[in-house]
Amino acid sequence: QLTQPLRDLGAWTNHFRTAEIPVLARTAEALEGLRANEDDVDANLLGETIAHDPLMSLKVLAFASARRGSRVVTDAETVTSALVMVGISPFFRSFGPQPTVEDRLAGEPEALAGLGDTLRRAHRGANFALGFAVRRMDHDAAVIHAAALLHDFAEMLLWCHAPTLAL
């Protein structure tokens with residue numbers, strides 16, 4: 001865990017680019033349940049399971065972006081579209097049992113509470129964004145929801161990797 005601030009934005013970016021991102025315990029547990037029935041899992045079911053966890057969503061979108069072929073012009077904008085691009089079996093091969101936020105912050109209850117507050121704020125903002133998008137009949141409502149959910153991902157990563165600094 002980081003206990004001292006890094007020197008600049010580039011250093012923070014480099015640190016988080018290679019850092020293991022923990023996910024919510026309920027997400028890790030659900031993924032293991034789906035892994036056991038991989039043949040019955042489709043991108044929508046898996047996407048719905050992952051999309052409730054901003055940290056796992058971030059991992060999947062980053063993974064799909066890194067694996068994007070040269071003929072693909074744009075990145076996946078939602079978890080479900082990323083899973084369609086990657087494939088279900090390759091996803092499960094690449095994403096084994098996930099480290100959890102609860103394990104990582106087990107000795108830091110204040111940091112876990114701070115992360116929980118950030119996650120609640122992210123979900124609230126994403127729900128408002130989705131509501132506005134639906135009201136406006138925006139065809140990209142799912143993308144808007146995902147973007148709003150991930151808006152505070154840097155703060156989430158800070159809680160996970162530098163809880164002392166976040167506090």
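Considering only heavy atoms from C-beta on, L83 comes within 4.5 Å of I50 through its side chain. Side chains of L158 and L2 form no contact here, defined as non-hydrogen atoms less than 4.5 Å apart. Residues F91 and L31 are in side-chain contact: their nearest non-hydrogen atoms beyond the backbone lie under 4.5 Å apart. Taking the side chain as every heavy atom from C-beta outward, Q98 and E32 never approach each other to under 4.5 Å. Between L167 and W159 the shortest side-chain heavy-atom distance falls below 4.5 Å. Side-chain contact between P22 and H161: present, with at least one pair of heavy atoms (C-beta onward) separated by less than 4.5 Å. In this structure, the side chains of F63 and F95 come closer than 4.5 Å at one or more pairs of heavy atoms. Side-chain contact between P54 and H123: present, with at least one pair of heavy atoms (C-beta onward) separated by less than 4.5 Å.
Shortest non-hydrogen contact noted between T78 and S81 is O-OG, 2.9 Å. Nearest heavy atoms, G125 versus A148: O-CB, 4.0 Å. Among all heavy-atom pairs drawn from A133 and I144, the shortest one is CB-CD1, 3.9 Å. The heavy-atom pair separating A11 from L6 by the smallest distance is O-CD1, 3.5 Å.
The neighbour count for F153 CZ, taken as heavy atoms of other residues, nucleotides or ligands under 6.0 Å away, does not exceed 12. In this structure, E38 places its CD atom where more than 12 heavy-atom neighbours from other residues, nucleotides or ligands lie under 6.0 Å away. Within 6.0 Å of CD in E102 there are more than 12 heavy atoms belonging to other residues, nucleotides or ligands.
Using modelled atom types, no side-chain atom of N37 and backbone atom of D40 make a donor-acceptor pair closer than 3.5 Å. Within the 3.5 Å criterion, the main-chain N or O of E155 finds no donor-acceptor partner in the side chain of D152.
When hydrophobic clusters are built by joining Ile, Leu, Val, Met, Phe, Trp and Tyr residues whose side-chain heavy atoms come closer than 4.5 Å, directly or via intermediates, L45 is not grouped with V84. Residues L105 and L119 are members of one and the same hydrophobic cluster, defined by side-chain heavy-atom contacts under 4.5 angstrom among Ile, Leu, Val, Met, Phe, Trp and Tyr. Placement of L149 and V101 in two distinct hydrophobic clusters is found when ILVMFWY residues are connected by side-chain heavy-atom separations under 4.5 Å, directly or transitively. Clustering ILVMFWY residues whenever any of their side-chain heavy atoms sit less than 4.5 angstrom apart, transitively, puts L61 in the very cluster that holds M156. Using a 4.5 Å cut-off between side-chain heavy atoms of Ile, Leu, Val, Met, Phe, Trp and Tyr, with links allowed through other members, L58 and V23 fall into different hydrophobic clusters.
Residues passing the salt bridge (charged side-chain N to carboxylate O under 4.0 Å, His left out) test with R120 are D117, sequence neighbours excluded. With sequence neighbours excluded, no residue satisfies salt bridge (charged side-chain N to carboxylate O under 4.0 Å, His left out) with D138.
Partner of C160 under the side chain to side chain contact (heavy atoms under 4.5 Å, CB included) criterion, chosen from L55, L112, I21: L55.
Atoms CG and CG, from D42 and L34 in turn, are 10.0 Å apart once rounded to the nearest 0.5 Å. Taking CG of L46 as the reference point, atom CZ of R35 lies at 10.0 Å (rounded to 0.5 Å). Atom CG of L24 is separated from atom CD of E29 by 12.0 Å, given to the nearest 0.5 angstrom. A distance of 11.5 Å separates CZ of F132 from CG of N127, quoted to the nearest 0.5 Å.
Counted by atom type alone, R26 and H52 present zero donor-acceptor pairs between their side chains at under 3.5 Å. Side-chain atoms of R17 and N14 include a donor-acceptor pair closer than 3.5 Å.
In this pair, H15 and W12 present their aromatic rings perpendicular. The plane angle is above 60°, beyond the 30 to 60° band.
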